[in-house]
Each structure stands twice: as C-alpha cells, then as structure tokens.
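Here the structure is laid out as structure tokens; the discussion comes afterwards.
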Number of protein chains: 2
Amino acid sequence: MAVGIRDVARAAGVSTATVSRALGKGPVSDALREQVEAAVRATGYRPNLSARRLRSQSAQTIGLIVADIRNPFFTAVSRAVEDAAYRAGMRLILCNTGEDAEREALYLRLMQEERVTGVVFAPTRRTAERLRPEDFPFPLVLIDRTGPPGGHDGVVLDNVAAGALLVDHLVEQGFSRIGGLFGSTSSTAEERRDGYLSAMRRHGLAPQVRTVLPEAEPAEGEVARWLAEADRPEALVLSNGLILMGAVRAARAAGIPWPGGIALAGFDNEPWTDLVEPGLTVIEQPVTEIGAQAMDLLFDRLKHPDQPVRKVVLSGRLIARGSTARR
Amino acid sequence: MAVGIRDVARAAGVSTATVSRALGKGPVSDALREQVEAAVRATGYRPNLSARRLRSQSAQTIGLIVADIRNPFFTAVSRAVEDAAYRAGMRLILCNTGEDAEREALYLRLMQEERVTGVVFAPTRRTAERLRPEDFPFPLVLIDRTGPPGGHDGVVLDNVAAGALLVDHLVEQGFSRIGGLFGSTSSTAEERRDGYLSAMRRHGLAPQVRTVLPEAEPAEGEVARWLAEADRPEALVLSNGLILMGAVRAARAAGIPWPGGIALAGFDNEPWTDLVEPGLTVIEQPVTEIGAQAMDLLFDRLKHPDQPVRKVVLSGRLIARGSTARR
DNA sequence: AAGGGATGTGAAAACGTTTTCATAAGCAGC
DNA sequence: GCTGCTTATGAAAACGTTTTCACATCCCTT
C-alpha cells in the first residue's frame with residue numbers, strides 16, 4: 001500500500017540512491033532522471049518527510065508562537081510569516097499561548113523536539129527576560145515584544161515614540177487630562193507606557209496610568225469603571241487593538257460620546273477603526289512588514305550564525321481621525 | 001552536542017529500549033524509571049520527533065487549510081482547532097491558499113508527505129467537487145464549504161436556511177427590493193444564494209443576484225457601482241463578513257446611510273458589526289463550535305474508519321440590529 | 001518440586017530516507 | 001596505452017527513535 005523510495009527504484013530499474021538524487025539535486029543523467037520521474041508518476045510515490053528530516057537533519061519548518069491568533073495584529077503577522085515560509089519551501093507550525101508563561105515554555109520545548117529551522121516568537125515580558133540564546137539550537141526571532149536587549153534578533157515598533165506620538169497629538173488637539181490604559185503582560189505595553197509618561201512629563205501634565213490584561217473584555221470593564229469616576233480623564237490612550245475595542249464598547253455602553261465625552265486614541269489600524277463614527281485615531285503598525293522582516297532576520301541568521309544581534313525598529317504611523325478632534 | 005536516547009541509556013545504565021519505554025507508556029520498574037528520568041534531566045535530552053514519527057508511523061499532526069487566516073471566520077475556527085489539537089497532544093500546520101485551487105492541491109500533497117494524522121479543510125467549490133476520499137490516507141474533514149454531498153465528513157452552517165432567514169427578516173421589516181451579493185468561489189456562498197432565491201420566490205419578490213470575489217475590496221467596488229445605479233435595491237444581503245465590510249465601506253463612501261438609504265444584512269457576527277452605528281444585522285455562526293466539531297469528527301473517524309460519512313449542520317442565529325430597522 | 005503465566009529487560013531489527021564510500025566508465029594529457 | 005581526473009551509479013551505512021523478539025526472573029498453581 002504505502003509506496004516508498006524502494007518501490008520507485010525497483011520500478012525505474014535503478015538504486016534508491018539514484019531516485020533520491022533524481023528527486024533532489026544530485027547529479028543524475030537525463031535518461032535516468034526521466035525514468036525515475038516516470039516511475040514516480042506510475043507508482044504515485046510521495047516522499048516521507050519525517051524520514052527525510054531525520055536523515056538530512058533539516059526540518060524545513062518554522063514555528064510561530066503568539067499569544068492568540070485572534071488578535072488581528074498577530075493574524076496579519078502570521079499571514080506574512082506563512083507566506084515567507086512557504087516561499088522558502090518551509091511549513092509553519094502555529095502555537096497560541098494565551099499569554100501563559102507555562103504554555104510558552106511548553107511550546108519552546110516542542111520546537112526543540114521538532115528540531116525546527118527557526119522560530120518567530122512574541123513572548124510575554126516574563127518569558128522574554130529569561131530567554132537565553134544558548135538554550136536554543138535554532139534562530140529565535142522576537143516580534144512585537146523583545147523586552148530588554150538580549151541575545152535574540154527582533155522586530156519591533158518604536159513603541160516609546162508611538163506612545164509619545166499619541167500624547168503629543170492629544171495635547172495638540174487641546175486635551176490635557178489624558179489617561180493611559182496599558183496591557184499588563186508584554187514589554188511592548190510597558191514601552192508604550194514609558195512613551196506616554198515621558199511625553200506627559202514633557203508637556204507638564206499629570207499622567208494617570210492603569211493596567212489591564214490585554215484583552216477586550218477586561219479592558220471594557222476597567223474603562224467602564226474609570227469613566228464612571230467623578231474626575232475621569234478627557235482623553236484615553238489605549239495600548240493595543242483589543243484594549244481599544246474594550247474602551248469603545250465601554251464608552252458606547254455608558255452613552256459617552258467621543259470625542260465629546262471622552263477622546264480615544266489607540267494602537268492598530270484595524271479595519272473597523274474607521275467604520276465606527278467618528279473614526280478612531282490610531283497608530284498603524286506595518287504588520288506585513290513586521291512578519292516579512294522577522295523572516296528575513298531569521299534566514300540571515302541561518303546564513304551567518306555569528307553575525308551580531310540585530311534589532312529592527314519600525315516606526316508607527318499616526319492616523320488622526322475624529323475620535324480626537326479638537327476640543 | 002546533540003544528545004540522543006543512547007546517551008540517556010548510557011547515563012542511566014540501561015538499554016535504549018528501556019529509556020523509550022520509561023518515557024512512553026511501556027512497563028518499566030519504578031526504580032529504573034527514576035534512573036531514566038534522572039538521566040534525562042542530567043543530559044538535557046529532547047526526543048527527536050522526526051525519528052519518533054518515522055518509527056511509530058504516527059505524526060501526531062493536524063493540517064489546517066483555509067483560504068486566508070485573516071478572514072475572521074477562519075481565525076476563530078483556527079483557534080478552536082488548535083486548542084483541540086494541542087489538547088490531544090498534536091501540532092497544527094497552518095496553510096493559506098488564497099482561494100487558489102493550485103495552492104490547495106499543493107498543500108494537500110504536502111499533507112500526504114507529512115503523513116499527517118488528519119486535515120481540516122475549507123476548500124473552494126472547484127476543489128471540493130474533485131475531492132475523492134480514496135486519494136487520502138488520512139481523515140479529511142471539510143468545514144464551512146462541503147460542496148455536493150461527497151465522501152468526507154464535514155461541519156457546515158445551514159446556509160440555505162440562513163440565507164432565507166435574512167430575506168424573511170428584511171421582508172418582515174418592510175423591504176421588498178432586496179439584492180444579494182455572494183462570493184464566487186465557495187459552495188457556501190452558493191447555498192446562501194439558493195436560500196436567498198427561494199425565500200425571495202416564496203415572498204413573490206424579484207431577486208437581484210450579483211457575484212464577487214469574497215474579499216472586502218472587490219465587494220466594495222461592486223457595491224459602489226450597484227448603489228450608483230438608478231434602480232438600486234432598498235436592501236442588500238451580503239454573503240460573508242468581508243463582503244459585508246466592503247458594502248459598509250461603499251455605503252459610507254457614497255454617503256448613503258443605513259437603513260435609510262440602503263438596509264444591510266450579512267454574515268458573521270464579528271466584533272465590529274455592533275460598533276458601527278447603527279449596528280449591522282447579521283447571521284452569527286458558531287465559530288468555536290465549528291472548529292471543535294470538526295476535530296471531534298476527525299478523531300471519531302480515526303477511531304471508526306468505516307463509520308458512515310457524517311455531516312454536522314449547525315444553525316446560524318439571526319442577530320437583528322439597526323441596519324435593517326423597519327422602513 | 002515442576003509447570004506456566006506474568007512481568008521486566010536488552011539486543012537487534014525496523015521505519016524511509018539521504019549520504020558516504022567505493023567503483024566503473026569516460027575522457028584528457030602524456 | 002597508461003595515468004589521473006571527473007562523472008554517474010549502486011551498496012551499504014547512517015539518522016534517532018520504537019517495536020519485536022527472546023530471555024530471565026518472579027510468583028502462583030498444581
């Protein structure tokens with residue numbers, strides 16, 4: 001039933017070595033190559049990738065580890081990563097960690113057992129701190145969240161600048177009591193908060209920072225409470241797309257209009273952010289570029305293992321919409 | 001450098017067979033099992049999954065093939081599939097086909113070479129028609145689009161009923177000149193169109209059907225043209241989330257309000273559909289359920305290969321919102 | 001005390017490839 | 001015509017596991 005390379009060899013009247021070479025790139029005479037190809041067609045042979053990997057010690061596989069593929073940022077990045085992977089003849093193994101350090105460790109171990117070619121990883125802050133390059137026999141490229149400068153290549157947004165950009169924009173639009181709600185698990189959120197804080201300080205304004213699990217529901221709850229307080233801010237900076245959505249829901253539920261009741265500015269130019277009325281001011285991340293760059297770094301690292309560690313920092317673009325219209 | 005099972009065996013003073021059994025489920029005395037575990041810790045041993053797969057002839061891997069992971073429907077389904085896979089100790093290989101029959105064929109071939117345990121697949125109509133169960137040595141479960149009854153298990157929405165449901169709702173709300181815009185590549189879109197057509201006929205109304213590539217941009221262009229026509233419909237049925245978004249953009253761009261200028265009703269209860277104002281009437285698909293059911297079918301099929309083919313049909317739920325408010 | 005079924009263990013085969021190694025054939029230079 | 005170099009090919013080793021098979025050992029039954 002299961003046809004192997006021996007069957008093809010027999011059908012073509014050659015050795016298995018020749019079949020292997022004909023299918024790969026070895027030197028084979030044209031005549032035999034044709035015989036082999038005919039035999040492959042005749043037998044319906046499909047190579048066994050596990051055997052190939054075992055023998056050739058090359059998995060041709062990329063692992064992608066993210067918190068949740070349903071976060072549109074990761075969705076978009078994953079598509080770019082998958083495209084690059086398959087263009088290079090590699091498969092993609094997808095892992096969702098749910099921001100859970102234990103599952104992160106589990107999946108990293110799995111990647112070792114798979115002997116993957118490389119991994120693209122968006123770690124939680126906690127895990128990012130513990131990541132030691134010498135523990136991994138493959139290139140590990142961090143995206144979105146690199147944490148403190150470590151031994152891994154990475155692609156990130158200039159989060160500090162982006163956080164500040166939002167504050168500057170809000171100040172310019174006439175707001176001064178500006179709150180910030182940031183995710184609690186990633187270094188990215190921390191950097192955005194730092195940018196927020198330094199910009200607030202620079203403008204001589206009093207920051208109000210809160211922290212929340214970076215998901216829509218917790219964010220909605222937190223913002224709902226915040227908006228119900230007597231001295232609520234005039235404007236809110238939200239540190240990612242899910243938190244921004246939570247904030248929009250909370251404002252909508254409380255019947256507070258934006259920008260009149262509360263100005264909103266956040267991250268991730270998701271398709272819906274310009275469909276709500278008024279549209280939401282956001283920092284757009286170059287998502288496709290991030291995924292593509294990560295794969296470039298990964299392949300470069302494979303070629304030049306001893307090259308110094310590189311960190312690609314991409315700029316976010318401010319898209320000003322009605323949600324932060326001048327007071 | 002690379003530590004294998006032989007090194008562990010040597011360190012523990014046992015045979016490789018015993019190590020394998022200690023790590024698996026074979027019968028091993030408690031004393032030896034502890035020795036082996038200690039040796040594993042001491043050596044930092046990580047099993048080589050390729051070797052394991054080759055020998056045990058079991059890949060413990062699920063393939064997921066969809067048009068585009070960025071379609072929120074597939075995003076959500078993929079998450080459910082991944083969860084189920086990893087709960088069963090399996091990995092997930094992700095493939096995006098971009099609705100391209102050639103890439104579908106390519107990936108199906110790849111799945112054979114990977115000797116995967118099973119595949120969850122949302123095929124284009126063209127491919128669905130050609131799918132022959134005997135060509136696949138693994139269970140292939142179709143989701144979202146099963147096409148004509150074939151030899152594969154599947155999980156689908158009751159698309160005909162759902163399409164009709166939207167028409168019934170629109171009629172009830174007082175609309176009669178109702179157009180329908182449907183995707184051109186999937187059997188799902190066809191079924192929704194059939195539901196639309198039969199409901200229109202039942203109500204004695206004249207259907208107006210158009211077809212478009214199931215992506216936001218082509219849909220926006222098509223709807224823009226449609227809305228510019230003199231005898232444009234009063235209401236539109238849109239056959240998936242991306243097409244619905246295109247329609248919303250077109251209406252917004254043309255300055256046509258809904259439901260006043262054009263009533264909108266579509267598929268997929270994506271998070272943004274109730275954030276636009278007024279909210280959009282949609283059919284909600286049980287996305288998580290679809291993914292989970294697909295994996296259930298897959299595992300059942302592995303257990304009972306000769307069981308008759310099963311097709312799970314799930315009902316969509318109508319969520320009526322302002323976009324179809326009474327005329 | 002002998003027979004017999006569990007039970008635990010190790011040696012070696014097996015999984016399906018690629019790669020190494022040896023060899024034969026072809027060809028250039030002398 | 002011989003040597004040396006390249007090229008095409010096959011036999012066999014190798015990749016790192018799991019599984020088969022054979023063999024002790026132990027305990028229970030008779």
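In what follows, every heavy atom counts, from backbone to side chain, and hydrogens, waters and symmetry copies are set aside. Chain letters run A, B, ... following the sequence lines, proteins first and then strands; every chain starts at 1.
For A:Val156, the side-chain contact (heavy atoms from CB on, under 4.5 Å) partners are A:Thr146, A:Lys311, A:Val313, not counting sequence neighbours. A search for side-chain contact (heavy atoms from CB on, under 4.5 Å) contacts involving A:Glu129 returns A:Arg125, A:Pro148, not counting sequence neighbours. Residues meeting the side-chain hydrogen bond (donor to acceptor under 3.5 Å, both in side chains) test with B:Asp300, sequence neighbours left out: B:Arg310. Considering only residues two or more places apart in sequence or on other chains, B:Glu113 meets the side-chain contact (heavy atoms from CB on, under 4.5 Å) condition with A:Arg46, A:Pro47, A:Leu49, B:Arg109.
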Footprint string (nucleotides 15-20 of chain C, 5' to 3'): B base within contact, S backbone only, - free, heavy atoms under 4.0 Å: BBBBBB
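Between A:Tyr86 and B:Tyr107, the distance separating the two ring centers is shorter than 6.0 angstrom.
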Salt bridge (charged side-chain N to carboxylate O under 4.0 Å, His left out) assessment of B:Arg132 paired with B:Asp135: CA-CA 6 Å; B:Arg132 313 273 306 138; B:Asp135 293 344; 5.5 Å; no
A:Leu64 vs A:Ile93, side chain to side chain contact (heavy atoms under 4.5 Å, CB included): CA-CA, chis, key distance, verdict: CA-CA 6 Å; A:Leu64 175 64; A:Ile93 296 186; over 6 Å; no
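Direction of the helix axis in the helix from C:dA1-D:dT30 to C:dC30-D:dG1 shifts by 40° between the two five-pair termini, rounded to 10°.
The closest side-chain heavy-atom distance from A:Phe121 to A:Val141 is not below 4.5 Å.
Across all strands, B:Leu49 comes closer than 4.0 Å to no nucleic acid atom at all (heavy-atom distances).
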